[in-house]
Amino acid sequence: MITLAKRLNVVEEYYFSSKLREVRQLASEGKPIINMGIGSPDLKPSQAVIDAVVNAMQDENAHQYQSYQGLPELRKGMADFYQNNYGVALDPAVEILPLIGSKEGIMHISMAFLNEGDHVLIPNPGYPTYTSVTNLVGAVPVYYDLKEANNWEPDFDALEKLDLSKVKIMWLGYPHMPTGARGSLELFAKLVAFAKKHNILLINDNPYSFVLNDKPMSLLQVEGAKDVALELNSLSKTFNMAGWRVGMVLGSAALIDAVLKVKSNMDSGMFYGIQKGAVTALNSDKSWFEDMNKIYRKRRVLTEQLAEKLGCKVYKEGVGLFVWAKLPEGIESSEDFIDKILYEKSIFITPGTIFGNNGEGYIRFALCVKEEKVQEAIDRF
Ligand SMILES: Cc1ncc(COP(=O)(O)O)c(C=O)c1O
């Protein structure tokens with residue numbers, strides 16, 4: 001009898017991993033599934049990016065192990081991307097670490113900074129991986145509420161009332177997933193001050209700042225943020241490269257070095273061709289974002305119509321890749337609501353509850369579905 005590690009008692013299979021299996025099963029039975037669940041861009045990267053990876057295949061060393069810190073030109077591309085889009089200066093030699101996906105970075109960071117029993121502040125609602133990784137490393141999730149009444153931003157009075165003595169890390173992410181709340185530089189400044197006061201490592205998870213958002217922001221824009229903060233960013237949504245697995249973590253040399261210590265013991269570098277493609281993507285000009293956003297804007301209009309047809313109230317201020325909507329009055333369970341739609345109309349929408357109990361009463365639509373399909377979903381009601 002092979003026994004499992006104790007850490008497996010504290011995590012469950014990722015919601016999408018099991019739910020998408022069910023959705024695939026329904027599709028294989030012939031159901032005309034429209035999947036508005038997961039935020040995996042259906043659009044392609046630019047042709048230049050695809051050409052870069054194809055051409056890279058013939059380069060000398062293309063198939064060898066790569067540097068643990070990524071190609072210098074990749075780190076330079078990331079530094080330029082931060083300078084040009086957020087006005088943040090980073091030293092590509094020591095303040096940037098390319099990641100094989102930013103989700104993976106959540107584990108690297110947690111392994112680098114958390115001991116068993118440390119507490120971790122996690123937004124509710126928020127990305128479920130913060131909780132599962134915290135549990136996997138034996139630390140303790142402590143949730144902080146985000147509420148619609150407070151525009152999905154933390155309540156600092158409530159934060160100060162928590163027992164912060166064991167808190168080591170605070171996760172946040174603006175633009176916020178799943179709600180789409182934008183955040184602001186004032187909010188970031190308050191968070192940096194809070195983190196400094198309580199000696200907490202603050203990490204902004206920032207994969208959505210270029211989708212339907214005219215003001216991309218970085219936590220690192222706040223003066224002095226690097227003393228206590230890291231930022232994760234990702235090419236997944238910005239450049240339609242989710243399956244490529246390219247992300248980055250940015251911050252002071254000391255913090256980045258700690259993450260590298262973990263990461264260099266876990267992988268042996270990112271595939272060369274992917275790095276070359278990523279360099280090309282990072283050098284895209286502004287028209288790339290405009291072209292993508294034209295498509296997403298049309299999809300958003302239709303998706304809002306769908307949500308409203310279902311009697312839901314859309315969070316109109318939301319930015320990013322999702323539409324976040326409140327269930328009709330009198331309907332309480334997000335999971336029952338989405339299951340009924342899945343089984344009766346073959347449309348898969350994400351229940352807000354997978355992001356925490358403050359997501360109860362809400363649902364999330366991804367904008368990764370072509371306009372015709374969103375229209376078809378509308379027509380099914
Ligand atoms: C808030 C948030 N953080 C991180 C990720 C992971 O992105 P990546 O593809 O870079 O691992 C996602 C992906 O859905 C996300 O929604």
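Whatever order the structure lists ligands and atoms in, that order sets their numbers, starting from 1.
- A donor-acceptor pair under 3.5 Å is absent between the side-chain atoms of Arg75 and the main chain of Leu97, judged by distance alone.
- Looking at Glu304 and Lys316, a side-chain N of the basic residue comes within less than 4.0 Å of a carboxylate O on the acidic one, giving a salt bridge.
- Listed by number with element, the atoms of ligand 1 under 4.0 angstrom from any heavy atom of Lys237 are 13 (C), 14 (O).
- Taking a cutoff of 4.0 Å between a charged side-chain nitrogen and a carboxylate oxygen, Lys294 and Glu290 do not qualify as a salt bridge.
- Looking at heavy atoms from C-beta onward, Trp288 lies in side-chain contact with Phe239 at the 4.5 angstrom threshold.
- Contacts between Ser236 and ligand 1, counted as non-hydrogen atom pairs separated by less than 4.0 Å, involve the side chain only.
- For ligand 1, the atoms lying closer than 4.0 Å to a non-hydrogen atom of Met177 are 1 (C), 16 (O).
- For ligand 1, the atoms lying closer than 4.0 Å to a non-hydrogen atom of Ser102 are 4 (C), 6 (C), 7 (O), 8 (P), 10 (O), 11 (O).
- In summary, the side chains of Asp205 and Tyr174 do not present any donor paired with an acceptor at a separation below 3.5 Å, with no hydrogens or angles considered.
- Of all protein heavy atoms, the one lying nearest to atom 16 (O) of ligand 1 is Tyr208 OH, 2.6 Å.
- Note that the CD1 atom of Ile347 and the CG atom of Leu306 stand 6.0 Å from one another [nearest 0.5 Å].
- Polar contact check, Tyr127 against ligand 1: no nitrogen or oxygen pair lies under 3.5 Å apart.
- Every N/O-N/O distance between Tyr130 and ligand 1 stays at or above 3.5 Å.
- Shown in contact with Asp205 at under 4.0 Å from a heavy atom are these atoms of ligand 1, numbered in order with element: 1 (C), 2 (C), 3 (N), 4 (C).
- Leu191 places a side-chain heavy atom less than 4.5 Å from the side chain of Met170.
- Taking every non-hydrogen atom of Arg245 and a distance limit under 4.0 Å, the qualifying atoms of ligand 1 come out as 8 (P), 9 (O), 11 (O).
- Listed by atom number, the atoms of ligand 1 under 4.0 Å from Ser234 heavy atoms are 8 (P), 10 (O).
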